[in-house]
Amino acid sequence: MIGLTNEQLFLLDQACQVWSDLEDSKAFNYPWDEETITNTLIKNLKKGYPGNIVVIPFTKPVEGESGADWIWSFASADRSKTATMLVQAKKIDAAEKTYPELMHTIGTTPPLELQIKKLLTTANTYKIPALYAFYNHVTDATRVPVECGTLAVDSPKFISSFGISIASAEVVHANLPQLTFEVHSKNSIPLHCLLCTGSAVKRGAGGSPEAIATALKRVLRERRRLSREASKAKSEPDQLGFLTEMHPVVARAVEFQDRLAEGVDPREFDLPDVAGVIVMTDGEDNRKSRRPD
């Protein structure tokens with residue numbers, strides 16, 4: 001087990017809360033859908049993220065335009081490094097078996113397009129990676145992968161940390177039409193592991209973005225195994241949304257956030273039609289780490 005930054009600890013708590021909320025929704029038979037979970041997560045981010053956070057909501061996106069829900073962008077404390085990604089959320093079904101909405105299609109007339117293909121196209125257009133955030137709860141704890149190195153297996157949060165897991169959209173697409181938790185969980189990492197360096201020492205000056213670039217390379221290993229063409233593709237940092245400045249998409253969202261708040265269509269500023277942009281900047285003590293409770 002290694003120490004976690006305050007940012008990781010916060011994300012860990014959010015994932016555990018999603019796990020608990022989904023467990024409760026089944027126990028008490030009340031709906032708890034993807035949009036509710038996402039809105040609750042954003043509210044909690046705005047309320048308690050240990051660094052600086054900016055949430056820039058757009059107008060309600062047209063169904064299927066980008067294939068994504070939100071753009072996440074992480075910045076180091078000195079803002080010299082950033083990591084940006086498109087994120088699409090999917091919730092496990094009530095039977096705890098599959099993610100049925102992975103086969104969601106967009107459009108009203110044939111031929112319909114898989115949402116995931118549009119997501120990958122948007123990611124390629126804006127040169128940022130596409131990820132899935134899976135919202136999970138399974139009753140049988142033995143089904144949860146045991147590859148996380150940041151938490152002890154006997155930690156009370158080890159299983160519930162999988163309440164939000166992250167996977168490469170490319171890997172997810174390569175595994176379709178398989179929709180099961182077993183298939184996609186083995187290629188996912190807990191949300192807090194997205195910011196993991198894999199080292200017990202203090203984090204470097206690159207902060208969370210540098211850690212994310214490392215984590216995404218781990219997530220993409222399965223893509224390279226699944227596709228010979230992908231195995232020849234470069235995995236340079238900029239292809240993983242890692243830059244030494246604010247990503248142009250994020251910079252435009254920040255520049256025009258007042259206009260966006262007025263309801264102006266984001267496409268007028270060459271922004272993808274998503275729900276919005278979330279910018280998470282590390283706190284000044286990000287390089288310090290401590291053990292989770």
Trainee: Using modelled atom types only, decide if a donor and an acceptor are shared between the side chain of Gln257 and the backbone of Val254 within a distance under 3.5 Å.
Mentor: yes
Trainee: Can you see which heavy atom on Leu151 is nearest to which on His192, and at what distance?
Mentor: CD1-CE1, 4.0 Å
Trainee: Do the rings of Phe28 and Tyr30 sit parallel, tilted or perpendicular, given the 30° and 60° boundaries?
Mentor: parallel
Trainee: Is there a side-chain contact between Trp72 and Ile212 (heavy atoms, below 4.5 Å)?
Mentor: no
Trainee: According to a hydrophobic-cluster definition based on side-chain heavy atoms being under 4.5 Å apart (Ile, Leu, Val, Met, Phe, Trp, Tyr only), do Leu112 and Leu179 belong together?
Mentor: no
Trainee: Taking all atoms of both residues into account, what is the closest heavy-atom pair of Gly51 and Glu7, and its distance?
Mentor: N-OE2, 4.2 Å
Trainee: Checking side-chain contact (heavy atoms from CB on, under 4.5 Å) for the pair Leu271/Val249: CA distance, chi angles, key distance, verdict?
Mentor: CA-CA 6 Å; Leu271 295 168; Val249 168; 3.8 Å; yes
Trainee: How far apart are the C-alpha atoms of Asp13 and Gln17, what are their side-chain angles, what is the distance that settles it, and do they pass the side-chain hydrogen bond (donor to acceptor under 3.5 Å, both in side chains) test?
Mentor: CA-CA 6 Å; Asp13 285 344; Gln17 187 62 54; over 6 Å; no
Trainee: Any side-chain heavy-atom pair from Leu114 and Met103 closer than 4.5 angstrom?
Mentor: yes
Trainee: How many angstroms lie between atom CG of Leu194 and atom CG of Leu216, to the nearest 0.5 angstrom?
Mentor: 6.0 Å
Trainee: May I have the step-by-step check of salt bridge (charged side-chain N to carboxylate O under 4.0 Å, His left out) for Glu96 and Lys26, ending in yes or no?
Mentor: CA-CA 10 Å; Glu96 304 178 0; Lys26 286 176 280 190; 2.7 Å; yes
Trainee: Around atom CG of Asn29, are there more than 12 heavy atoms from other residues, nucleotides or ligands closer than 6.0 Å?
Mentor: no
Trainee: Is the closest side-chain donor-acceptor distance between Lys118 and Gln88 under 3.5 Å?
Mentor: no
Trainee: Roughly how far apart are Arg79 CZ and Thr82 OG1, rounded to 0.5 Å?
Mentor: 11.5 Å
Trainee: Please tell me if the side chains of Ile71 and Val87 come closer than 4.5 Å, counting only heavy atoms from C-beta onward.
Mentor: no
Trainee: First locate atom CD1 of Ile278, then atom CD1 of Ile42, and finally report the distance between them rounded to the nearest 0.5 Å.
Mentor: 4.0 Å
Trainee: Are Asp282 and Ser76 linked by a side-chain donor-acceptor pair shorter than 3.5 Å?
Mentor: no
Trainee: Quick check for you: to the nearest 0.5 Å, what is the distance between Lys47 atom NZ and Ile53 atom CD1?
Mentor: 14.0 Å
Trainee: So which heavy atom on Ser161 is nearest to which on Cys16, and how close?
Mentor: N-SG, 3.9 Å
Trainee: Going by atom types only, do Asn39 and Thr36 share a side-chain donor-acceptor pair under 3.5 Å?
Mentor: no
Trainee: Test salt bridge (charged side-chain N to carboxylate O under 4.0 Å, His left out) on Lys91 and Glu101; report intermediate values, then the result.
Mentor: CA-CA 8 Å; Lys91 182 173 75 75; Glu101 287 300 309; over 6 Å; no
Trainee: What closest approach, in Å, do Ala130 and Leu119 show between heavy atoms, and which atom pair accounts for it?
Mentor: CB-CG, 3.8 Å
Trainee: What is the distance from atom CD of Gln115 to atom NE2 of His104, rounded to the nearest 0.5 Å?
Mentor: 5.0 Å
Trainee: My understanding is that only residues two or more places apart in sequence, or in another chain, count here; which of them pass ring pair (Phe, Tyr, Trp, His ring centres under 6.0 Å) with Tyr49?
Mentor: Phe10
Trainee: What I'd like to find out is whether the side chain of Val138 reaches to under 4.5 Å of the side chain of Glu23, using heavy atoms alone.
Mentor: no
Trainee: With sequence neighbours left out, what residues match Glu34 under side-chain hydrogen bond (donor to acceptor under 3.5 Å, both in side chains)?
Mentor: none
Trainee: Test Phe58 against Asp265 for side-chain contact (heavy atoms from CB on, under 4.5 Å), laying out the working first.
Mentor: CA-CA 8 Å; Phe58 296 174; Asp265 190 324; over 6 Å; no
Trainee: Does Val172 form a side-chain contact (heavy atoms from CB on, under 4.5 Å) with Leu102? I'd like the steps, not just the answer.
Mentor: CA-CA 9 Å; Val172 171; Leu102 284 176; 3.8 Å; yes
Trainee: Would you say the side chain of Tyr135 lies within less than 4.5 Å of the side chain of Val18, judging by non-hydrogen atoms?
Mentor: yes
Trainee: Verify side-chain contact (heavy atoms from CB on, under 4.5 Å) between Lys97 and Asp93, making sure each step is shown before the conclusion.
Mentor: CA-CA 6 Å; Lys97 293 181 179 179; Asp93 66 0; 4.2 Å; yes
Trainee: What is the minimum heavy-atom distance between Phe162 and Trp19, and which atoms define it?
Mentor: C-CE3, 4.0 Å
Trainee: Within the 4.5 Å heavy-atom criterion, are Leu260 and Pro266 side-chain neighbours or not?
Mentor: yes
Trainee: Could you measure the distance from the OG1 atom of Thr84 to the CD1 atom of Ile128? Nearest 0.5 Å is fine.
Mentor: 6.5 Å
Trainee: Anything under 30° is parallel, anything over 60° is perpendicular, the rest tilted; go ahead and classify Phe134 against Tyr132.
Mentor: parallel
Trainee: Can you pull the salt bridge (Lys or Arg N to Asp or Glu O under 4.0 Å) pairs that have at least one residue in residues 243-263, sequence neighbours excluded?
Mentor: Arg252-Asp270, Arg259-Glu262
Trainee: Is Val183 reachable from Ile116 through a run of hydrophobic residues whose side-chain heavy atoms are each under 4.5 Å from the next?
Mentor: no
Trainee: Where do His137 and Leu22 come nearest, in terms of heavy atoms and distance?
Mentor: CB-CB, 3.7 Å
Trainee: Within the 4.5 Å heavy-atom criterion, are Leu41 and Ile164 side-chain neighbours or not?
Mentor: yes
Trainee: Are Leu191 and Leu12 close enough that some pair of their side-chain heavy atoms sits under 4.5 Å apart?
Mentor: no
Trainee: Under 3.5 Å, is there a donor-acceptor pair between the Asp69 and Thr38 side chains?
Mentor: no
Trainee: Judged by atom type as modelled, is there a donor-acceptor pair below 3.5 Å linking the side chain of Asn175 to the main-chain atoms of Val171?
Mentor: yes
